[in-house]
Protein chains: 2
Amino acid sequence: MQQKHRRSNRERSDTTRTAILDAARALFIESGYAETPTPEIVAAAGLTRGALYHHFQDKKALFRALIEREAREVASSIERSTVEGLPPREALLAGAAAYFDAMAVPGRVRLLLLDGPAVLGVGEMATIDAAHGGRTLEEGLVAAMAPQGLEKKAIKAMAFLLSAAFDRAALEIDAGAARADYAYAIDRLIDRLIAP
Amino acid sequence: MQQKHRRSNRERSDTTRTAILDAARALFIESGYAETPTPEIVAAAGLTRGALYHHFQDKKALFRALIEREAREVASSIERSTVEGLPPREALLAGAAAYFDAMAVPGRVRLLLLDGPAVLGVGEMATIDAAHGGRTLEEGLVAAMAPQGLEKKAIKAMAFLLSAAFDRAALEIDAGAARADYAYAIDRLIDRLIAP
DNA sequence: TAATTAACATACAGGGTGTATGTATGCAAC
DNA sequence: GTTGCATACATACACCCTGTATGTTAATTA
């Protein structure tokens with residue numbers, strides 16, 4: 001009979017926190033934030049609502065924590081796949097592909113592109129993925145569009161628009177569109193944007 | 001003393017329906033869909049919840065009716081501002097400007113670009129604004145990109161991406177960004193997309 | 001080992017949604 | 001015009017969900 005090793009409070013908290021986050025994630029991506037009651041979340045995690053409200057201020061704070069974890073994972077996934085020394089154009093194309101790869105994880109599109117902005121607001125979402133390396137695209141575009149001699153303000157706006165195109169493409173792919181079609185469209189879009 | 005002319009059931013229904021829709025619109029754009037309770041909506045309309053649930057199946061159906069009305073207004077506003085006989089490029093640029101004008105009406109960005117997709121889902125939103133002349137952009141792009149000899153499928157994808165850029169620009173302008181900056185960026189984006 | 005605090009579970013209060021029921025007015029047939 | 005039915009609401013109710021307050025056990029600290 002294996003001894004049920006006495007766990008420290010720290011690791012106890014960690015495991016329940018992630019248990020709640022994992023259960024919430026599964027239910028949120030299935031039914032959405034508003035339609036997922038907290039009793040169902042904690043039941044799926046084998047806990048009670050007392051644990052939830054001990055670790056998170058309220059339901060929205062739980063959602064925020066989940067979104068932040070997801071954004072971190074996307075950022076690190078993209079970062080992990082970048083190789084140094086690529087020319088600006090190829091770096092952009094590779095970054096786009098890495099983004100689509102990361103967003104292909106089930107539920108990410110709904111969490112980060114649908115429920116996230118609606119529940120937390122666009123402002124907070126912008127803050128979150130700015131905190132987790134969301135500026136990669138802008139830097140890449142600055143490098144690739146340098147020959148055009150634009151103001152930084154203009155390039156920034158273009159980066160916003162391009163990232164919107166990325167997001168829409170991820171949305172469409174998630175909805176069942178062929179990835180190849182949108183990968184082609186995105187590549188073409190990038191090529192025309194950075195053409196001197 | 002003016003006689004309070006006895007109204008027919010039809011006009012009675014119409015006025016209360018729009019009263020509820022107007023009240024809901026004001027509250028939804030102020031606090032969002034989820035944070036706006038139905039008692040507050042009907043109170044603002046000088047009615048009770050009985051009227052609401054008589055005219056709409058549930059709260060979401062009310063929201064859907066509101067979104068459809070808003071989408072109709074945007075579509076007709078854009079359509080009203082189009083002039084015949086413009087060359088493809090100028091037609092696209094004018095359409096973009098008309099779209100930004102239409103989306104400048106307070107609350108439209110939140111209703112159509114934030115709460116709409118979150119509450120109704122992207123699929124239903126796509127259906128709604130496809131039903132109300134949402135294909136204008138695609139047709140414009142087909143005309144303007146004809147010289148490139150692309151497959152229709154590819155042009156369709158490009159139209160999706162471009163419309164995503166439009167939406168993001170409207171979002172940013174609504175959040176306080178300078179319209180001129182994004183108008184310039186959109187124009188530049190269009191120009192590069194349709195360049196032979 | 002005694003005291004304190006963290007990590008939960010349980011119990012409760014308030015509010016919101018949807019539905020069932022009641023009422024008055026418009027409308028249509030005779 | 002009055003009899004009967006449908007429409008347009010208002011009122012009342014049951015359920016569920018959220019957040020908070022309180023209780024309990026185990027870990028940490030003195």
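Order of the sequence lines fixes the chain letters, A, B, ..., with proteins taken first and strands second; residue numbering starts at 1 for each chain.
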Does the side chain of His54(A) get closer than 4.0 angstrom to OP1 or OP2 of dA7(C) through an N or O atom? yes
Counting just side-chain N and O atoms, does His55(A) come under 4.0 Å of either OP1 or OP2 of dC8(C)? yes
Whole-Å distance, Glu40(B) CD to dG16(C) C1', equals 12 Å
Does dG16(C) have OP1 or OP2 under 4.0 Å away from a side-chain N or O of Thr38(B)? no
To the closest 0.5 Å, what do you measure between CG (Asp115(A)) and CG (Leu66(A))? 10.0 Å
Nearest-angstrom distance from the residue atom CD of Gln57(B) to C1' of dG18(C): 11 Å
Would you call Lys156(A)-Glu151(A) a salt bridge at under 4.0 Å N-O? no
Nearest whole Å is fine: how far is dG19(D) P from Lys60(A) NZ? 10 Å
Without decimals, in angstroms, what is the distance between Arg10(B) CZ and dA6(D) C1'? 16 Å
Output the single nucleotide from dT18(D), dT17(C), dC9(D) whose closest atom is nearest the side chain of Pro39(B). dT17(C)
Taking the basic N atoms (NZ, or NE/NH1/NH2) and the acidic carboxylate oxygens, is any pair closer than 4.0 Å for Asp167(B) and Arg168(A)? yes
So with a 6.0 Å cut-off around CD of Glu79(B), is the heavy-atom count from everything else above 12? no
Among dG19(D), dC17(D), dC8(C), which nucleotide has an atom closest to any side-chain atom of Asp58(A)? dG19(D)
Using a heavy-atom cut-off of under 4.0 Å over every strand shown, decide if Thr15(B) touches base, sugar-phosphate, or nothing. nothing
Could you tell me how far apart Ile41(A) (CD1) and dC17(D) (C1') are, to the nearest whole angstrom? 12 Å
What nucleotide among dT17(C), dC8(C), dT7(D) has an atom nearest to a side-chain atom of Leu47(A)? dC8(C)
Rounded distance (Å) that lies between atom C1' of dT11(D) and atom OH of Tyr53(B): 15 Å
Does the dG26(C) base have a donor-acceptor partner in the side chain of Arg12(B) within less than 3.5 Å? no
Closest approach to the side chain of Ser13(B), judged atom by atom: which nucleotide of dC9(D), dA7(C), dT18(D) is it? dC9(D)
Contacts of Tyr33(A) and Arg49(B) projected onto DNA chain D by closest heavy atom; the upstream (5') one is Arg49(B)
Using atom NZ of Lys59(A) as one end and atom P of dC17(D) as the other, report the distance to the nearest whole Å. 9 Å
Just how far, in rounded Å, is P of dA8(D) from CD of Glu11(B)? 12 Å
Please tell me whether Gln148(B) and Arg188(A) have a donor and an acceptor in their side chains that are separated by less than 3.5 angstrom. yes
Using the side-chain heavy atoms of Thr48(B), tell me which of these nucleotides is nearest: dC17(D), dC8(C), dT11(D). dT11(D)
Ignoring backbone atoms, test whether Thr16(A) places a side-chain nitrogen or oxygen under 4.0 Å from the OP1 or OP2 oxygen of dA7(C). no
